[in-house]
Amino acid sequence: MTRAAEPITDGDDVIRRALLDAELPSLLAALAAATGDPALLPERLRPSPAKRLLPQGGYTPREQDEARSLAFAALTAARDGLLPLGQDPADGEATMRAVRFLAGGDADRYLPLLLDELAAPDDPAAPRWHKDDLAPDRPFHVVIVGAGMSGLLAGHRLGQAGVPYTIVEKNDDVGGTWLENAYPGCRVDVSSHLYGYSFVEHDAWPSYFSTRDVLLEYFRRFADSAGVREHIRFGTEVLSADFDDDTRTWAVRVRTPDGGTDVLAAHAVVSAVGQLNRPRYPDIDGRDDFAGPSFHSARWDHDVDLTGKRVAVIGTGASAFQFVPEIARTAASLVVFQRTAPWLAPTPHYHDPVADGLRWLFRHVPGYAQWYRFWLFTANVEGGLPSVYVDPAWPAGRRAVSAVNDERRALLTAYLEHLFADRPDLLRAAVPDYPPGAKRMLRDNGVWAAALKRDNVTLVTDPISRITEHGIVTAERTYDADVIVYATGFAASDFLVPMTVTGREGADLHKRWNGDARAYLGMTVPGFPNLFLMYGPNTNIVINGSIIFFSECEAHYILECLRLLLRDGHGALECREDVHDTYNELIDAANRERAWGASTVNSWYKNALGRVSQNWPFTLMEYWERTRRPDPDDYRVL
């Protein structure tokens with residue numbers, strides 16, 4: 001939880017230096033909420049909604065100076081005992097003023113959501129019910145599959161509600177993708193202060209974008225402090241889950257650590273296996289013929305020393321973007337095979353530690369860490385979503401989907417032209433030929449271009465013809481290699497593979513989906529009572545937030561569904577077919593009107609049938625509103 005603010009004892013110079021590192025709009029809001037002084041929120045400094053994604057909310061240098069002067073006066077007055085600095089930062093009219101100052105015209109609609117994000121110490125999204133009050137004598141046990149960020153959260157929420165649960169985890173520790181992905185340079189591409197549970201402290205992140213090791217430790221620490229670890233069966237893999245129509249329970253068959261099998265009885269099953277957990281290898285002729293070591297980036301072989309080796313990397317997605325600059329330093333040669341160039345989002349501070357001044361302000365301004373997160377969140381409620389909307393009147397073509405999207409393309413192209421000004425050969429390969437937003441955009445602070453420019457690095461855009469015992473062959477030449485690293489992503493569309501899931505009346509989930517996974521709100525499927533999916537179909541967010549936000553929405557919704565069951569004495573509930581179908585028609589129509597749906601570029605957002613089965617096409621607010629409370633009319637009870 002959030003730590004209490006430390007008293008201010010430092011001199012003026014320390015405060016002034018700290019203010020140079022402040023995120024100013026959120027600091028003014030934090031100070032105004034903590035002091036109750038509306039003078040800290042002058043109308044002329046209200047951030048423009050159109051500029052939320054710009055540094056300092058688009059403040060001009062003069063406006064930044066004014067904001068720092070206001071903050072300096074408040075901090076020194078608090079230090080000198082002239083101004084109280086200790087109101088509850090998540091309560092009162094002062095908070096409402098600060099919320100409206102930051103969120104602008106969106107504040108009234110977004111207020112309940114924003115207060116959820118803001119009030120970390122109170123955990124307002126925690127279940128407000130307990131099984132002992134609703135059905136104390138009713139046996140009810142939940143099995144959760146996966147101990148990554150979503151599975152841990154689901155367990156925590158169930159524990160708060162007094163619902164017994166067991167988490168089944170195939171690995172030997174928690175963390176999910178952050179345990180399995182241990183390649184050099186691995187880190188998150190969402191701000192650290194957003195990529196964490198809303199109800200856990202936000203002021204201790206060491207860097208603006210956390211490394212894999214920091215995130216793994218975060219989830220380990222949470223599993224221990226929340227008491228979730230004791231509910232986990234490690235080294236245990238789910239083989240199948242079968243629903244019994246008569247008892248309305250699930251039988252979850254697992255492979256145990258000793259190689260045997262066991263069956264867990266469950267009244268509900270929560271799948272928290274996610275989308276990015278099964279490495280995908282390319283279908284290239286001769287892949288098994290290579291004589292040297294080869295591995296996927298998500299299964300990095302740390303026993304293979306790449307120093308002085310000839311290394312070939314297939315793929316230029318998010319993982320390669322992070323590890324290529326690392327291994328290029330020691331490899332004798334590095335050949336990178338690119339099928340599709342990624343768009344780069346300029347992020348100068350991507351590898352930077354959180355500035356000392358910002359840390360100082362987190363320690364001394366009550367609630368500032370929450371307000372800082374809140375500011376990031378308001379900027380991402382819609383984020384860059386408007387830039388990927390398809391304009392039907394825009395001339396059809398591969399380059400852009402609207403005037404706004406084309407403007408963004410021009411800005412991003414200018415950035416690439418700056419990076420590769422001295423290497424026109426690389427620039428030609430670096431500029432994508434598809435609309436921004438159609439594929440995952442990668443954060444960049446210049447290290448990718450620097451790596452590709454190294455004398456020992458070669459970028460190849462010719463298609464791979466085959467792999468031989470000694471290396472990789474294209475139509476133009478053969479590239480000998482000692483090691484091949486596959487940075488080819490995940491089988492994201494293969495939801496719940498390889499487990500078998502059998503629902504009511506013997507329905508097979510994978511046969512129902514037939515390669516095209518769908519679910520109502522990404523969570524429930526007709527014919528599969530009391531089965532809930534987290535990070536399920538169409539719950540991936542692309543350019544407007546953190547997936548942990550969706551996990552919190554899903555956990556809340558699932559707990560509310562269980563509350564209905566326990567309160568009303570029903571055995572199970574399942575989504576109605578018509579509700580499911582109408583919802584998916586809405587999702588499909590909206591995804592066709594986004595850059596990732598309209599573009600023909602290859603993307604993991606689409607399944608083998610060409611449908612966007614991964615992405616949520618609307619704002620964060622819309623998902624939050626849809627998941628506050630299940631509508632009983634959406635379900636049939638058993």
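Since the structure is predicted, the reported quantities are computational estimates derived from the model, not experimental observations. Heavy atoms only: backbone and side chains are in, while hydrogens, waters and symmetry mates are out. The chain is numbered in sequence order, starting from 1.
From Phe337, atom CZ reaches atom CD1 of Ile472 across 4.0 Å, with rounding to the nearest 0.5 Å. Atom-to-atom distance recorded for Arg594:CZ and Leu385:CG is 5.5 Å, nearest 0.5 angstrom. Note that NZ of Lys606 and OG of Ser493 are 11.5 Å apart. Values are rounded to the nearest 0.5 Å. The distance from the CZ atom of Arg229 to the CG atom of Asp224 is 4.5 Å, given to the nearest 0.5 Å. Between the CG atom in Asn615 and the OG1 atom in Thr539 there is a gap of 9.5 Å [rounded to 0.5 Å]. Atom CD1 of Ile484 is separated from atom CZ of Phe290 by 4.0 Å, given to the nearest 0.5 angstrom.
Residues Glu237 and Glu169 fail the side-chain proximity criterion, which asks for heavy atoms closer than 4.5 Å. Contact check for Arg359 versus Asp21: no side-chain heavy atoms found under the 4.5 Å cut-off. Using a 4.5 Å heavy-atom threshold, the side chains of Tyr415 and Leu419 count as touching. Side-chain contact check for Arg408 versus Val404: every heavy-atom pair is 4.5 Å or farther apart. Here the side chains of Val168 and Phe234 are not in contact, with every heavy-atom distance at 4.5 Å or above. For the pair Asp480/Arg310, a side-chain contact is recorded, criterion being any heavy-atom separation below 4.5 Å from C-beta on. No side-chain heavy atom of Val270 sits less than 4.5 Å from a side-chain heavy atom of Tyr165. Side-chain contact between Ser210 and Arg187: absent, with no pair of heavy atoms (C-beta onward) separated by less than 4.5 Å.
Between Phe295 and Trp300, a ring centre-to-centre spacing shorter than 6.0 Å is recorded. Less than 6.0 angstrom separates the ring centroid of His193 from the ring centroid of Phe362. Aromatic rings from Trp205 and Tyr195 are positioned such that their centres are separated by 6.0 Å or more. Ring pair His470/Tyr479: centre-to-centre distance not below 6.0 Å. Ring pair Tyr372/His202: centre-to-centre distance not below 6.0 Å. Between Tyr197 and Phe222, the ring centre distance stays below 6.0 Å.
Side chains of Ser551 and Ser150: a donor on one and an acceptor on the other come within 3.5 Å. Judged by distance alone, the side chains of Asn445 and His351 do bring a donor and an acceptor atom under 3.5 Å apart. Side-chain polar atoms of Glu23 and Trp375 form a donor-acceptor pair below 3.5 angstrom. Between the side chains of Asn171 and Glu180, at least one donor N or O lies within less than 3.5 Å of an accepting N or O. Between the side chains of Thr488 and Arg280, not a single donor N or O lies within less than 3.5 Å of an accepting N or O.
Classification of Arg373 and Glu201 as a salt-bridged pair fails, no side-chain N sitting under 4.0 Å from a carboxylate O. Ion pairing between a basic and an acidic side chain is recognised when a charged N comes within 4.0 Å of a carboxylate O; Asp433 and Arg398 show such pairing. Between Arg518 and Asp516 there is a salt bridge, since a side-chain N of the basic residue sits under 4.0 Å from a carboxylate O of the acidic one. In summary, Arg477 and Asp462 do not engage in a salt bridge, as defined by a charged side-chain N under 4.0 Å from a carboxylate O.
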(request) Go through Asp356 and Arg17 one step at a time and tell me if the salt bridge (Lys or Arg N to Asp or Glu O under 4.0 Å) criterion holds. (result) CA-CA 9 Å; Asp356 290 341; Arg17 284 197 298 270; over 6 Å; no
(message) Run Leu334 and Leu306 through side chain to side chain contact (heavy atoms under 4.5 Å, CB included) and show every step you take.
(response) CA-CA 10 Å; Leu334 179 59; Leu306 301 182; over 6 Å; no
(message) Please evaluate residues Asn540 and Gln275 with respect to the criterion side chain to side chain contact (heavy atoms under 4.5 Å, CB included), reporting the C-alpha separation (whole Å), side-chain torsions for both, the decisive distance (0.1 Å), and the verdict.
(response) CA-CA 9 Å; Asn540 183 62; Gln275 298 181 9; 3.8 Å; yes
(message) Determine whether Thr211 and Asp213 satisfy the following criterion, side-chain hydrogen bond (donor to acceptor under 3.5 Å, both in side chains), listing intermediate values before the conclusion.
(response) CA-CA 5 Å; Thr211 63; Asp213 291 346; 5.5 Å; no
(message) Between Leu239 and Met499, does the side chain to side chain contact (heavy atoms under 4.5 Å, CB included) criterion hold? Intermediate values first, please.
(response) CA-CA 5 Å; Leu239 302 174; Met499 71 179 80; over 6 Å; no
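More than 12 heavy atoms of other residues, nucleotides or ligands sit less than 6.0 Å from atom CZ of Arg287. Within a 6.0 Å sphere centred on CG of Asp283, heavy atoms belonging to other residues, nucleotides or ligands number 12 at most. More than 12 heavy atoms of other residues, nucleotides or ligands sit less than 6.0 Å from atom CZ of Arg299.
The aromatic rings of Trp616 and Tyr623 stand perpendicular to each other, their planes meeting at an angle above 60°, with 30° marking the opposite boundary.
When atom types are taken as modelled, the side chain of Asp444 and the backbone of Gly446 share a donor-acceptor pair closer than 3.5 angstrom.
None of Trp448, Tyr208, Phe209 except one satisfies the ring-ring contact (aromatic ring centres under 6.0 Å, His included) rule with Tyr350; the exception is Phe209. Paired with Thr236 under the rule side chain to side chain contact (heavy atoms under 4.5 Å, CB included), one option of Val254, Asp262, Leu264 passes, and it is Val254.
The cationic group of Arg157 lies under 6.0 Å from the six-membered ring centre of Phe199 and within 45° of the ring axis, placing it in a cation-pi geometry.
Across all their heavy atoms, Val324 and Ala451 have their closest contact at CG1-CB, 4.4 Å.
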